[in-house]
There are 2 protein chains.
Amino acid sequence: MARKTEAILTSARTLFLERGYDATTLDDVAAASNVAKTTVYNNFRDKEHLFSEVIESITARSTVILAALEEPLFSDSPVEDRLIEFGNRLVTGVLQPSVIQLRRLAIAEAPRFPELVTRFWSHGPGRTTELLARALREADSRGELRVPDPNAAALVLAYTLLGAALDRALMVQGAHMSPSDITAHVDHSVAAFLRAYAR
Amino acid sequence: MARKTEAILTSARTLFLERGYDATTLDDVAAASNVAKTTVYNNFRDKEHLFSEVIESITARSTVILAALEEPLFSDSPVEDRLIEFGNRLVTGVLQPSVIQLRRLAIAEAPRFPELVTRFWSHGPGRTTELLARALREADSRGELRVPDPNAAALVLAYTLLGAALDRALMVQGAHMSPSDITAHVDHSVAAFLRAYAR
DNA sequence: CTCATACTGTACTGGTCGGTCCAGTACAGT
DNA sequence: ACTGTACTGGACCGACCAGTACAGTATGAG
């Protein structure tokens, strides 16, 4: 019983991410889930509710993804190494095609599902900079950096790292960065950040 | 004759920006232009072509908008003042509701109109960082800053300035920054940038 | 005055899609 | 064996919408 619900949710996620909200048909969702359309309606009130649950389920999982970013941030290696490792994971993560698709979807449907997308933002991008701010505050108190305003500094570093790549990936199809492009960019960004916030 | 074309283009632009591609009806466009639907089809082959011309017309105008950014960048005031003025204009400009709508539209339709959106990106965001890179190269050669890689540095500054605000504005409805928020953020960003790229 | 061109308004076609209905089937727990 | 619940598959409704057809009107150039 719950297996069907799960199957529907999974294929709905794939289809919504690939085609967007309007272009995704509930007939397609049913077919992709090997389920009758009626079953879709037995498990979800309507298309909007299905979409909401898809996004909510992704939002819920984002906590897990953030853990992978948190780890290098609070290790005992030098600040520079910590930030570079964090930067590499952040950029490679955010540039993954499915993540780009998700962002595109969220942005496109923000006017139609304001609260939903806001909640998604808070649990994803929002949390990331909070995390970084905490790490920077700690680095400051350890005397590794001089960061009087950790929140502002976290925004600076986070968006220095992925602003350009993100903006481009969202609009320019097939604008992939090679791993070496990424490390070069991360190195440059972290170096600039360290110069700006050195003790 | 061309007056009708212009009227259609104008109301189509408004509607596409407000509602997105799918949700905009050609009946609505015709009504908003005070024109018969047939006239729309006499002036534009079909919906996709109309949309393309709307985006192209915006792309074409973007050169004019960039001029307002260029001005403070090449004045003879101190670097800091130049960058702060540039930053304020850039951020306030990009955060304007219509510009956010445009970005949302471009991102949402990037998969459907890849070449079109790529062209838009090159003429808008792409050109902006090129412009900034030129200014930074000049500042370097004047000895005001030390910028070995002007392109990379331009990305750092540009997205430090607007990455966070942009990301948030695209997803969180009604997340407006007050003018004082903007200047505070710009001041912080430019200060950090100057520390990182001081001579 | 004339004729071509652009425009109007409305009705229509054809297709899509969200959502419902229904008759029948698989299968659980009791 | 009995009953409730979930599922199937396919037909169906109603609305919407891109694009066309058509008969008639305004207008401006020669």
Side-chain angles (χ1 to χ4, degrees), chain A residues 1-57 101 104-106 108-117, chain B residues 1-57 104-105 108-117:
Chain A
M1 10 181 115
R3 280 230 304 288
K4 300 285 179 182
T5 307
E6 208 57 41
I8 294 167
L9 224 38
T10 302
S11 36
R13 188 182 61 229
T14 307
L15 289 174
F16 279 135
L17 285 178
E18 275 177 2
R19 311 184 183 176
Y21 183 80
D22 283 319
T24 299
T25 299
L26 287 200
D27 286 296
D28 291 346
V29 172
S33 327
N34 294 314
V35 140
K37 188 159 67 156
T38 315
T39 304
V40 176
Y41 280 94
N42 282 340
N43 285 273
F44 302 92
R45 186 199 302 278
D46 55 22
K47 194 181 183 183
E48 293 198 357
H49 281 74
L50 173 58
F51 182 77
S52 294
E53 296 214 19
V54 165
I55 299 296
E56 291 286 11
S57 77
Q101 286 176 326
R104 238 198 299 261
L105 185 59
E109 301 306 330
R112 202 188 323 222
F113 301 91
E115 2 59 41
L116 183 69
V117 174
Chain B
M1 11 180 115
R3 280 229 305 288
K4 300 283 179 182
T5 307
E6 207 58 40
I8 294 167
L9 224 39
T10 301
S11 35
R13 187 181 61 227
T14 307
L15 289 174
F16 278 134
L17 285 178
E18 274 176 4
R19 310 183 183 176
Y21 183 80
D22 283 320
T24 298
T25 301
L26 287 201
D27 285 297
D28 292 346
V29 172
S33 328
N34 296 313
V35 142
K37 188 157 69 154
T38 317
T39 304
V40 176
Y41 280 93
N42 282 340
N43 286 273
F44 303 92
R45 185 199 303 278
D46 56 22
K47 194 181 181 182
E48 294 199 357
H49 280 75
L50 173 58
F51 183 77
S52 293
E53 296 213 21
V54 165
I55 299 297
E56 291 286 10
S57 78
R104 238 198 299 262
L105 185 59
E109 300 307 329
R112 196 179 339 211
F113 300 91
E115 2 58 44
L116 183 68
V117 174

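Atoms considered below: every heavy atom in the structure, side chains included; atoms not considered: hydrogens, waters and symmetry mates. The structure presented is a predicted model; accordingly, all values stated were derived computationally and were not measured.
Atom CZ in Arg112(A) sits roughly 11 Å away from atom P in dG18(C) (whole-Å rounding). What separates CG of Asn34(A) from C1' of dG9(D) is a distance of 14 Å, to the nearest Å. Regarding Asp27(A), its CG atom lies at a distance of 14 Å from the P atom of dT8(D), rounded to whole Å. Nucleotide dG18(C) holds its P atom 16 Å from the NE2 atom of His49(A), rounded to whole Å. Spacing between atom CG of Asn42(B) and atom P of dT20(D) amounts to 11 Å, rounded to whole angstrom units. Rounded to an integer number of Å, the gap from Arg45(B) CZ to dG19(D) P is 11 Å. Residue Lys4(A) contributes atom NZ, which lies 4 Å from atom P of dT8(D) at whole-angstrom precision. Atom-to-atom, OH of Tyr21(B) to P of dC16(D) comes out at 20 Å; the value is rounded to the nearest Å.
When every heavy atom of Val54(B) is checked against every heavy atom of Ser57(B), the shortest pair comes out as O-OG, 2.8 Å. Nearest heavy atom pair, residue Asn34(A) against residue Lys4(A), reads O-NZ, 4.4 Å.
Using a 4.0 Å heavy-atom distance criterion, Thr24(A) is classed as a sugar-phosphate-only contact. Looking at heavy-atom distances under 4.0 Å, Asp22(A) makes no contact with the nucleic acid at all. Asp28(A) comes within 4.0 angstrom of no nucleic acid atom, judged by non-hydrogen atoms across all strands.
Of the residues near DNA chain D, Lys47(B) and Thr38(B), the one whose nearest nucleotide (by heavy atom distance) lies more toward the 5' end is Lys47(B).
Across all strands shown, dT27(D) pairs with dA4(C); the Watson-Crick or G-U wobble distances both stay below 3.5 Å. Look at dT30(C): its Watson-Crick or wobble partner, with both distances under 3.5 angstrom, is dA1(D).
Of the candidates Asn43(B), Thr39(B), Asn42(B), Asn43(B) is the only one forming a side chain to side chain donor-acceptor pair (under 3.5 Å) with Thr5(B).
Considering only residues two or more places apart in sequence or on other chains, Arg19(B) meets the side-chain hydrogen bond (donor to acceptor under 3.5 Å, both in side chains) condition with Asp28(B).
For Lys37(B) against dG9(C), no side-chain N or O and base N or O form a donor-acceptor pair under 3.5 Å.
Considering only the side chain of Asn43(A), dC7(D) comes nearest among dT8(D), dC7(C), dC7(D).
Between Thr39(A) and dA6(D) there is no side-chain N or O to OP1 or OP2 distance below 4.0 Å.
Ring geometry, Phe113(A) versus Tyr21(A): the interplanar angle exceeds 60°, so the pair is classed perpendicular (tilted spans 30 to 60°).
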